[in-house]
Trainee: 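The structure under discussion is supplied below as structure tokens; questions concerning it will follow.
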Amino acid sequence: MRHVSDWTLDDGSVMLNFSDEVRRVFENNVQLGDSPESGGILLGTVHEPGLLVTVATTPSRLDRQFRYLFERLPFGHRAVAKRLWRASNGTTRYIGEWHTHPQDIPTPSGIDLDEWRKLARMRADKLPLLAVIVGREALHVELAHGNGHRDLLRPY
Ligand SMILES: [Zn+2]
């Protein structure tokens, strides 16, 4: 698979792992040719300092896909998050969001940054939002804080 599984902050305070299952979802949605933008939510488990991302939801029939704009209708994804949270006794939880860009090395747009900051502010557990963009060659991975602070992760 083309995307790296293990990511870290420079100071080592966060170690993040994408499961094979999650990387397969990214791989299957890479934007090649005229394929539309996709996205969904990321779920997983938090173990200081580790973050295991175990589920990436995919566009449901409720979502509309566009090539350059992914607009998410939250109902299907939120239902999956709630079901897994209950089934795991509260250990598998909402961690963040992913979407694709038709770029080899993806960079977030101004709209992405605004949206991530808003979503981070909405988190009940006050943790930063894991924000992932799936490009054709690489991932963009960052932790977005409600106050606008951004922590970029790098592969290791
Ligand atoms: Zn974007």
Side-chain angles (χ1 to χ4, degrees), residues 1-31 37-59 63 68-74 76-82 84-85 88-156:
M1 281 183 281
R2 78 187 80 194
H3 295 126
V4 175
S5 59
D6 295 301
W7 295 72
T8 186
L9 280 184
D10 277 336
D11 65 3
S13 62
V14 175
M15 311 283 275
L16 178 143
N17 173 266
F18 293 109
S19 72
D20 288 349
E21 161 100 30
V22 166
R23 286 195 303 140
R24 245 189 309 276
V25 170
F26 292 164
E27 181 78 30
N28 290 339
N29 285 279
V30 163
Q31 264 185 285
E37 219 169 90
S38 314
I41 63 176
L42 299 169
L43 306 171
T45 55
V46 178
H47 329 256
E48 301 293 328
L51 210 50
L52 295 180
V53 185
T54 54
V55 179
T57 66
T58 49
D63 290 325
Y68 293 107
L69 174 69
F70 181 73
E71 239 186 323
R72 186 164 59 72
L73 297 178
H77 298 278
R78 295 288 164 191
V80 171
K82 201 173 256 182
L84 284 173
W85 186 77
S88 70
N89 291 317
T91 57
T92 295
R93 63 168 111 171
Y94 173 84
I95 290 181
E97 306 269 331
W98 71 277
H99 69 282
T100 59
H101 273 191
Q103 298 172 312
D104 291 343
I105 312 292
T107 52
S109 66
I111 293 172
D112 289 333
L113 297 179
D114 284 350
E115 177 81 356
W116 293 341
R117 196 171 54 235
K118 247 179 260 166
L119 289 165
R121 262 191 234 124
M122 282 164 50
R123 283 193 69 160
D125 56 16
K126 301 292 174 212
L127 292 172
L129 177 89
L130 176 65
V132 175
I133 304 176
V134 177
R136 286 186 291 236
E137 300 295 337
L139 300 177
H140 173 88
V141 182
E142 71 173 80
L143 291 169
H145 297 255
N147 63 6
H149 182 77
R150 301 168 60 201
D151 285 322
L152 300 184
L153 282 81
R154 58 172 176 79
Y156 75 92

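FYI, the numbering just counts along the sequence from 1.
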Trainee: When you compare the side chain of V4 with that of L139, does any pair of heavy atoms fall below 4.5 Å?
Mentor: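 Contact flag for L139/V4 side chains = no.
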
Trainee: Is a side-chain donor or acceptor of T8 paired with a backbone partner of V14 at a separation under 3.5 angstrom?
Mentor: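 Yes, the answer is positive, given that a donor and an acceptor are paired below the 3.5 Å cut-off.
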
Trainee: Side chains of D6 and P155: does their closest heavy-atom pair fall under 4.5 Å?
Mentor: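 No, their side chains stay 4.5 Å or more apart.
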
Trainee: Quick check for you: to the nearest 0.5 Å, what is the distance between L153 atom CG and W7 atom CH2?
Mentor: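 With rounding to 0.5 Å, CG (L153) is 8.0 Å from CH2 (W7).
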
Trainee: Side chain of T92, backbone of S88: donor and acceptor closer than 3.5 Å?
Mentor: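 No.
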
Trainee: Using a 3.5 Å distance criterion without hydrogens, assess whether the side chain of H145 forms a donor-acceptor pair with backbone atoms of D151.
Mentor: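 Not at all, since once roles are kept as given, no pair shorter than 3.5 Å links the two residues.
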
Trainee: Determine the minimum heavy-atom distance between S5 and R23, stating which atoms define it.
Mentor: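 Looking at all heavy atoms of both residues, the closest pair is CB-NE, 3.5 Å.
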
Trainee: Is there a side chain to side chain contact (heavy atoms under 4.5 Å, CB included) between Y94 and W85 once you walk through the steps?
Mentor: CA-CA 8 Å; Y94 173 84; W85 186 77; over 6 Å; no

Trainee: Using the six-membered ring wherever Trp is involved, compare the ring planes of F26 and W98 and label them parallel, tilted or perpendicular (cut-offs 30° and 60°).
Mentor: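 The arrangement is tilted - the two ring planes meet at 30° to 60°.
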
Trainee: With a 4.5 Å limit on heavy-atom distance, are the side chains of L130 and E142 in contact?
Mentor: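 Heavy-atom side-chain distance check fails, nothing below 4.5 Å.
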
Trainee: Can you see which heavy atom on L42 is nearest to which on V132, and at what distance?
Mentor: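 Nearest heavy atoms, L42 then V132: CD1-CG2, 3.7 Å.
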
Trainee: Contact between H99 and V134 at the side-chain level, heavy atoms closer than 4.5 Å - yes or no?
Mentor: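 The answer is no, as the side chains (C-beta and beyond) never meet within the 4.5 Å cut-off.
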
Trainee: Are the side chains of V46 and R93 in touch, meaning some heavy atoms are under 4.5 Å apart?
Mentor: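 Counting from C-beta outward, V46 and R93 do come under 4.5 Å.
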
Trainee: Does T57 reach the main-chain N or O of I41 with its side chain, forming a donor-acceptor pair under 3.5 Å?
Mentor: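 Such a contact is found between T57 side chain and I41 backbone.
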
Trainee: D11 vs S13, test: side chain to side chain donor-acceptor pair (under 3.5 Å). Steps then yes/no.
Mentor: CA-CA 6 Å; D11 65 3; S13 62; 2.7 Å; yes

Trainee: Quick check: closest heavy atoms across T54 and G44, and the distance to 0.1 Å?
Mentor: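 Closest pair (atom of T54, atom of G44, distance): OG1-CA, 3.5 Å.
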
Trainee: Quick one: does any side-chain atom of R117 pair with a main-chain N or O of G148 as donor and acceptor, under 3.5 Å?
Mentor: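 Not at all, since once roles are kept as given, no pair shorter than 3.5 Å links the two residues.
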
Trainee: How about L84 and V55: do any of their side-chain heavy atoms sit closer than 4.5 Å?
Mentor: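 Yes - at least one pair of side-chain heavy atoms lies under 4.5 Å apart.
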
Trainee: Looking at R136 and P102, would you say the former's side chain and the latter's main chain have a donor-acceptor pair under 3.5 Å?
Mentor: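 Indeed, once roles are kept as given, a pair shorter than 3.5 Å links the two residues.
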
Trainee: Identify whether the distance between the nearest side-chain nitrogen and carboxylate oxygen of R2 and E137 falls below 4.0 Å.
Mentor: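 Salt bridge flag = no for E137 with R2.
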
Trainee: Atom CG of L16 and atom CG of L9: how far apart are they, to the nearest 0.5 Å?
Mentor: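 Reported to 0.5 Å precision, the distance equals 9.0 Å.
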
Trainee: Can you find a side-chain donor-acceptor pair between H47 and T45 that sits under 3.5 Å?
Mentor: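 Distance-only check passes for H47 and T45.
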
Trainee: How many angstroms lie between NZ in K118 and CG in D114, if you round to the nearest 0.5 Å?
Mentor: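 So the NZ of K118 and the CG of D114 are separated by 6.0 Å.
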
Trainee: Would N29 and E37 satisfy side chain to side chain contact (heavy atoms under 4.5 Å, CB included), going step by step from the backbone distance to the final call?
Mentor: CA-CA 8 Å; N29 285 279; E37 219 169 90; over 6 Å; no

Trainee: Go through the steps to decide whether L143 and L129 satisfy the test side chain to side chain contact (heavy atoms under 4.5 Å, CB included), and finish with yes or no.
Mentor: CA-CA 5 Å; L143 291 169; L129 177 89; over 6 Å; no

Trainee: Show, in sequence, the C-alpha distance, side-chain angles and deciding distance for V53 and N17, and conclude whether the side chain to side chain contact (heavy atoms under 4.5 Å, CB included) test is met.
Mentor: CA-CA 6 Å; V53 185; N17 173 266; over 6 Å; no

Trainee: How far apart are the closest heavy atoms of A138 and P106, and which atoms are they?
Mentor: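 Here A138 and P106 meet closest at O-CD, 3.3 Å.
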
Trainee: Is there side-chain contact between M15 and Y156, with at least one heavy-atom pair below 4.5 Å?
Mentor: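 They are in contact (side-chain heavy atoms under 4.5 Å apart), so the answer is yes.
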
Trainee: For a 4.5 angstrom cut-off between non-hydrogen side-chain atoms, does R154 reach D10?
Mentor: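 R154 vs D10: side chains touch.
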
Trainee: Got a donor-acceptor contact below 3.5 angstrom from the T100 side chain to the S38 backbone?
Mentor: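 Yes.
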
Trainee: Has E21 got more than 12 heavy atoms of other residues, nucleotides or ligands less than 6.0 Å from its CD?
Mentor: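 At most 12 heavy atoms, drawn from other residues, nucleotides or ligands, come within 6.0 Å of this atom.
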
Trainee: Might you point out which heavy atoms bring V30 and G135 nearest each other, and give the distance in Å?
Mentor: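 For V30 versus G135, the nearest heavy atoms are CG2-O, 3.9 Å.
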
